[in-house]
Amino acid sequence: MFKKDPFQIIAFHSYGTDSQFYLKGRALEDENINLENKTWLGLLINSWKRLGVDEVKNTELEIKLPHGVLLKTTTDDKGYFKVRANLSGLKGLTNSEGWLPCEVAYSDVSVKRHIKNENRFPAEILIPSSEAKFGVASDIDDTILHTGVVSFLKWRLIINTIFKSAYTRLPLEGASEFYHKLHRGASGKEANPIFYVSHSPWNLYRYLKLFLKQNDFPKGPILLRSLDSLFKKKSIDEKPQKQKEIINLLTMYPDLPFILIGDSGEHDPDIYIEVAEKFPNRILAIYLRSVNHKKRMQRVKGIVASYKSTPILLVESSKEAIEHARSIGFIK
C-alpha cells in the first residue's frame, strides 16, 4: 500500500499596510520536491511533481499574528487561500526590514494524515516603510531572469524551466544591483518596496523565491497566477492577472507612486501603459528590457515613441537603466 503524502502549507510572500492584512498561499500535499537536485532526471521529476500537485481543498486554516490575533480562512477547490482583514497597529509588529511574521495552520488536526512542521507554517507580509518614496513592480521572465519567452515555440522557456535548477539559472547582468539601488532610493535609506509580478504559475513559487535569494535580489512579495489561468479562455474585457495585481498594489498604497519594470517581448508595454492611463500621475517611469525579436521590437518602439504621458525607456542593459534612474533622481 502506498504511503500518503503529508500535508503542508506554502504561504506566499504577501503585503499589507498598518491597517490592512493581506496574505495568500496554498495548502498542498508535500510532493517532496528537492530544490537541491541538479541532475537532469531529478529536475525532470521536480517539474513533473510541480505540475501534478495535490491540493488540500475546502479546508479551514488559521493565521496567528504575533500579538495573538487569530484569523480564519478556507481554501478553495485548488487549495488556494486569500486572507484580507482590517486590523490596526500592524506596522508595530514588523521587523527592521518591514516584514510582519505570522503562522498558518490547519484548523482540524484530527485529519488522518501527517501534517508537516508540527502544523506551524511560517508566513510574512511586507508593510512598506514610511520612508519609502516609491514602489517597484517588476516582471521576472526576461526582465531579471533569462527565460526565453520569445524563442520559437517557447522552446528555451521549456528547457530553462524544466532542466535548469534555480541555482544555475542566470539573472540579467546588473539587475540585482539596479534593484538594490531602487530599494535604497536617492537617500540610500528609503526602503522602497519591490514587488515581483509575473505571468508564471504559483507552482513555480518556491523555485523563483530561491532564484531571487540566490542571486541577491531585494526580498519582496512574489505575485504569480494559477496554472489553470494559462489555459482558461478569457472574456474580451478580462484583464491579465499581472495587471490585476499591479492595480491592487496601486489601490492598497494610494499615496505611493510606482516604477514599472518589464520586457518588450510579450504584453508588458500594453499592460503598463494601460495602468499608467488608469492611474494618472502614479507611474513615475516604465523600464522595458529589449528582447531579441525584431518584429516585436518594431511594434514596441512605435508604442514608446507615440506615448508621452509617462517616461518609458527601452533599455539594452541594467547600466542604461541605472544611468537614467540616477539622472531622474530615483537613486544615488
Side-chain angles (χ1 to χ4, degrees), residues 12-24 63 65 69 71 73 82-100 102 123-139 179 181-187 189-198 218-225 237-262 267-288 307-312 325 328-331:
F12 309 136
H13 279 162
S14 302
Y15 57 92
T17 69
D18 186 55
S19 59
Q20 296 181 74
F21 181 90
Y22 180 53
L23 178 68
K24 298 171 77 171
I63 298 91
L65 276 64
V69 169
L71 305 173
T73 189
K82 184 189 297 183
V83 185
R84 285 182 180 270
N86 293 322
L87 302 170
S88 61
L90 295 179
K91 188 169 285 190
L93 304 175
T94 62
N95 62 20
S96 60
E97 297 294 319
W99 289 90
L100 187 158
C102 52
E124 292 178 294
I125 72 166
L126 176 65
I127 298 180
S129 165
S130 55
E131 300 296 317
K133 298 295 188 292
F134 56 81
V136 176
S138 171
D139 184 28
Y179 283 55
K181 287 181 181 295
L182 289 171
H183 177 60
R184 294 191 296 266
S187 71
K189 301 177 181 179
E190 290 171 13
N192 298 312
I194 312 289
F195 302 88
Y196 301 97
V197 188
S198 172
K219 183 179 175 181
I222 302 173
L223 311 170
L224 309 176
R225 62 174 174 170
D237 298 327
E238 188 176 358
K239 301 301 181 185
Q241 184 62 30
K242 182 190 291 188
Q243 189 165 344
K244 293 177 184 177
E245 294 287 3
I246 294 172
I247 288 173
N248 197 42
L249 290 171
L250 288 158
T251 304
M252 177 76 80
Y253 307 111
D255 299 321
L256 198 64
F258 270 76
I259 293 171
L260 307 181
I261 308 177
H267 307 294
D268 289 350
D270 305 277
I271 290 173
Y272 290 177
I273 286 174
E274 191 169 328
V275 168
E277 289 292 296
K278 183 177 176 65
F279 292 86
N281 305 317
R282 293 287 308 282
I283 307 303
L284 298 176
I286 297 172
Y287 292 98
L288 297 171
Y307 188 72
K308 305 298 181 183
S309 301
T310 299
I312 305 182
I328 298 296
F330 297 152
I331 63 177

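The structure displayed is predicted, hence computed values, not measured ones.
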Holding to ring pair (Phe, Tyr, Trp, His ring centres under 6.0 Å), I want the full list of residues that pass it with [X], two or more places apart in sequence or in another chain.
| X | answer |
| --- | --- |
| Y287 | F178, H324 |
| F279 | none |
| Y196 | none |

| All side-chain hydrogen bond (donor to acceptor under 3.5 Å, both in side chains) counterparts of T17, not counting sequence neighbours | none

| task | Go through the structure and list residues passing side-chain hydrogen bond (donor to acceptor under 3.5 Å, both in side chains) with N248, not counting sequence neighbours. | result |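 Per chain and number, N248 pairs via side-chain hydrogen bond (donor to acceptor under 3.5 Å, both in side chains) with Y15, R84.
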
| Are any side-chain N or O atoms of R282 and backbone N or O atoms of L256, one a donor and one an acceptor, separated by less than 3.5 Å? |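 Side chain of R282 to backbone of L256, a donor-acceptor pair under 3.5 Å: yes, one is there.
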
| Do side-chain atoms of S14 reach the backbone of K24 as a donor and acceptor pair under 3.5 angstrom? | yes

List the residues meeting side chain to side chain contact (heavy atoms under 4.5 Å, CB included) with [X], not counting sequence neighbours, and say none if there are none.
| X | value |
| --- | --- |
| L126 | W99, P193, P221 |
| A123 | A11, L23, C102, V104 |
| S129 | E131, A191 |
| K278 | I247 |

| note | Taking every heavy atom of D18 against every heavy atom of G92, the minimum-distance pair comes out as OD1-N, 4.4 Å

State, with a plain yes or no, whether a side-chain heavy atom of [X] is found less than 4.5 Å away from one of [Y].
| X | Y | value |
| --- | --- | --- |
| I261 | L182 | yes |
| F330 | N192 | no |
| K82 | T73 | no |
| V69 | F21 | no |
| Y272 | I283 | no |
| L249 | L223 | yes |
| L65 | L90 | yes |

Distance check, rounded to the nearest 0.5 Å: [X] atom [atom1] versus [Y] atom [atom2]?
| X | Y | atom1 | atom2 | result |
| --- | --- | --- | --- | --- |
| F12 | I125 | CZ | CD1 | 15.5 Å |
| T310 | N281 | OG1 | CG | 8.0 Å |
| I331 | I259 | CD1 | CD1 | 9.0 Å |
| D270 | E274 | CG | CD | 8.5 Å |
| K189 | R184 | NZ | CZ | 12.5 Å |

| Step-by-step side chain to side chain contact (heavy atoms under 4.5 Å, CB included) determination, S130 to K91 | CA-CA 10 Å; S130 55; K91 188 169 285 190; 4.1 Å; yes

| message | Take a 6.0 Å sphere around CG of N95 and say whether it holds more than 12 heavy atoms from other residues, nucleotides or ligands. | response | yes

[X]: what forms a salt bridge (Lys or Arg N to Asp or Glu O under 4.0 Å) with it, not counting sequence neighbours?
| X | value |
| --- | --- |
| E124 | K219 |
| E97 | none |
| K242 | D139, D268 |

